[in-house]
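Only one structure is covered here, and it is reproduced in the block below.
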There are 2 protein chains.
Amino acid sequence: MYTIGQVSEWFHLPVSTLRYYDKEGLFPTMERQSGIRKFGERELEALRVIECLKQSGLEIKEIRQFMQWCVEGPSTYEARLMLFEARRRAVEDEMARLQKTLDMLRFKCWYYGVAVRDGNEDRLHELLPDRLPPEIQKFYDNAHAPDAAADREKAI
Amino acid sequence: MYTIGQVSEWFHLPVSTLRYYDKEGLFPTMERQSGIRKFGERELEALRVIECLKQSGLEIKEIRQFMQWCVEGPSTYEARLMLFEARRRAVEDEMARLQKTLDMLRFKCWYYGVAVRDGNEDRLHELLPDRLPPEIQKFYDNAHAPDAAADREKAI
DNA sequence: ATAACACCTAAACCTGACTTTATGTCAAGA
DNA sequence: TCTTGACATAAAGTCAGGTTTAGGTGTTAT
């Protein structure tokens, strides 16, 4: 059993944040000894899951819902599974979007690399948008392609 | 030259957001015809870059700085290059973090898949933390590994 | 000519996720 | 004893990134 200060150090989270999470109901079964929070293994794993769910784009109140399901027992396994599957899809989508972002950034790095060497953008403007070096063209194309969300919208 | 309404539709951005971006100085050279904004190719490319820089984690005021550099001309090529290179590194780091998140989510999906089938977590608790199926073990290990930031911190 | 739109501004408002402040309790060391 | 440090609470404050509201202009369709 650990104090809030120890947990704060291990997880690199301010004490105030841990108290805030507690107030928001993210540790529904945490114990206290004469008013003082006692973090156990359950709470440490909760923190790992909180980090993961936050990174996956979930809001605090939705994480509270998940923690509540954990308290309610086996009847909520299916809801929890569906939550994690939805999050997995969300993160996969997000990574695809980031890949597109990365292609734009790589294109811009190449572009300004040339601009710095040339001292102007004249040659670059002659190359755009479809006389680019092949290894750069694909960054440009991917970065300027309409995104998947727009495609889905049209498909409906 | 396009109106704010057209651009709003093409980019799936509320008109209010486009006006907000303008107020924040993200279109420093946008023209007006009797008070009405005229979006040209320059502004459309700006919007693509804004989307990219936002996704890469930049704040609005830093994007304004970039747009200002674009107005200032060739003397800022190097600054712009350095900005894009820093963003590329940031997005690469973010993708690594998301990969870890994804491994946690895959582990949890597997975990609750088993829990749903078994109706309990008994068998799962016997398998944890190191008697997991090999293809799952690697998700668990990666998801529970200390992150790169913590590693760097220790290395200093 | 009047209603419906699309545009405009300034300023107030909203949300989520913290953080800070003010105040207090309690145990250990000088 | 007294002060230092870690813990506690409630309530107010902060910040980014918009969104909404209130009030106005200008052009087009009926």
Side-chain angles (χ1 to χ4, degrees), chain A residues 1-40 43-44 46-68 87 90 94 97 101 149, chain B residues 1-28 30-40 43-44 46-67 87 90 94 97 101 149:
Chain A
M1 297 288 227
Y2 316 102
T3 67
I4 201 168
Q6 291 175 298
V7 175
S8 162
E9 281 195 24
W10 294 341
F11 283 82
H12 308 287
L13 289 172
V15 166
S16 62
T17 301
L18 293 171
R19 289 206 263 253
Y20 165 69
Y21 286 171
D22 187 24
K23 201 177 52 163
E24 292 299 305
L26 267 43
F27 310 117
T29 64
M30 188 160 57
E31 291 174 25
R32 302 235 180 172
Q33 273 174 22
S34 52
I36 294 189
R37 292 175 181 82
K38 288 291 157 188
F39 288 74
E43 282 70 37
L44 301 190
L47 274 170
R48 279 175 218 115
V49 172
I50 287 165
E51 208 170 324
C52 164
L53 291 178
K54 255 168 49 77
Q55 175 88 5
S56 86
L58 227 61
E59 291 178 14
I60 297 291
K61 60 187 168 193
E62 304 176 279
I63 300 178
R64 168 173 50 217
Q65 168 71 278
F66 171 74
M67 295 303 172
Q68 199 47 53
R87 285 300 98 195
E94 173 69 5
R97 236 171 306 129
T101 296
Chain B
M1 297 289 224
Y2 314 103
T3 67
I4 200 169
Q6 291 174 298
V7 176
S8 162
E9 281 194 26
W10 295 340
F11 284 81
H12 307 288
L13 289 173
V15 165
S16 63
T17 300
L18 293 172
R19 288 205 263 251
Y20 166 69
Y21 286 171
D22 187 24
K23 198 176 52 163
E24 291 301 304
L26 267 43
F27 308 117
M30 188 160 58
E31 293 174 25
R32 302 236 182 173
Q33 273 173 22
S34 52
I36 295 191
R37 290 174 184 84
K38 289 291 156 188
F39 288 74
E43 281 70 37
L44 301 190
L47 274 169
R48 278 175 217 114
V49 173
I50 288 165
E51 207 169 326
C52 166
L53 291 177
K54 256 168 48 79
Q55 176 87 4
S56 87
L58 224 63
E59 290 177 16
I60 297 292
K61 60 188 170 196
E62 303 175 280
I63 300 177
R64 168 174 50 216
Q65 168 71 277
F66 171 75
M67 294 302 171
R87 286 299 97 197
E94 173 69 5
R97 236 171 307 129
T101 296

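Residue numbering restarts at 1 for every chain, and letters A, B, ... go by the order of the sequence lines. Here the structure is a predicted model, which means the values were calculated and not measured.
In plain terms, the two heavy atoms of B/M30 and B/K38 that are nearest each other are CG-O, 3.3 Å.
Of the side-chain N and O atoms in A/K54, one or more sit less than 4.0 angstrom from OP1 or OP2 of C/dC18. At D/dT20, none of the side-chain N or O atoms of B/Y20 fall inside 4.0 Å of OP1 or OP2 (strictly under the cut-off). At the phosphate of D/dG17, neither OP1 nor OP2 sits under 4.0 Å from any side-chain N or O atom of B/R19. Within the 4.0 Å cut-off from OP1 or OP2 of D/dC7, not a single side-chain nitrogen or oxygen of A/R37 is found. The phosphate of C/dG16 (OP1 or OP2) has a side-chain N or O of A/K61 nearer than 4.0 angstrom. OP1 or OP2 of D/dC7 lies within a sub-4.0 Å distance of a side-chain N or O belonging to A/T3.
Side chain of B/P14, nearest nucleotide from D/dA8, D/dG18, D/dT19: D/dT19. When distances are taken from the side chain of A/I60 to each of C/dA17, D/dG18, C/dC7, the shortest belongs to C/dA17. Listed candidates were D/dA8, D/dG18, C/dT19. Nearest to the side chain of B/T17 is D/dG18. Comparing C/dA17, D/dC7, D/dG18 by their closest approach to the side chain of A/E59 singles out C/dA17.
One can place CD1 of A/I4 at 13 Å from P of D/dA6, the figure rounded to the nearest angstrom. Rounded to an integer number of Å, the gap from CD of B/E62 to P of D/dA16 is 10 Å. Rounded to whole angstrom, the span from the CD1 atom of B/I36 across to the P atom of D/dT25 amounts to 14 Å. Here the P atom of nucleotide D/dA6 and the NZ atom of A/K38 are 15 Å apart, to the nearest Å. As a whole-Å value, the separation of B/E24 CD from D/dT19 C1' is 14 Å.
Distance CD/B/E94 to OG1/B/T101: 8.0 Å, rounded to 0.5 Å. To the nearest 0.5 Å, atom OH of residue A/Y21 and atom CD1 of residue A/I50 are 6.5 Å apart.
Side-chain atoms of B/E43 and B/L26, non-hydrogen and from C-beta on, never get closer than 4.5 Å to each other. Side-chain contact between A/L18 and A/F11 is absent, with no heavy atoms from C-beta onward closer than 4.5 Å.
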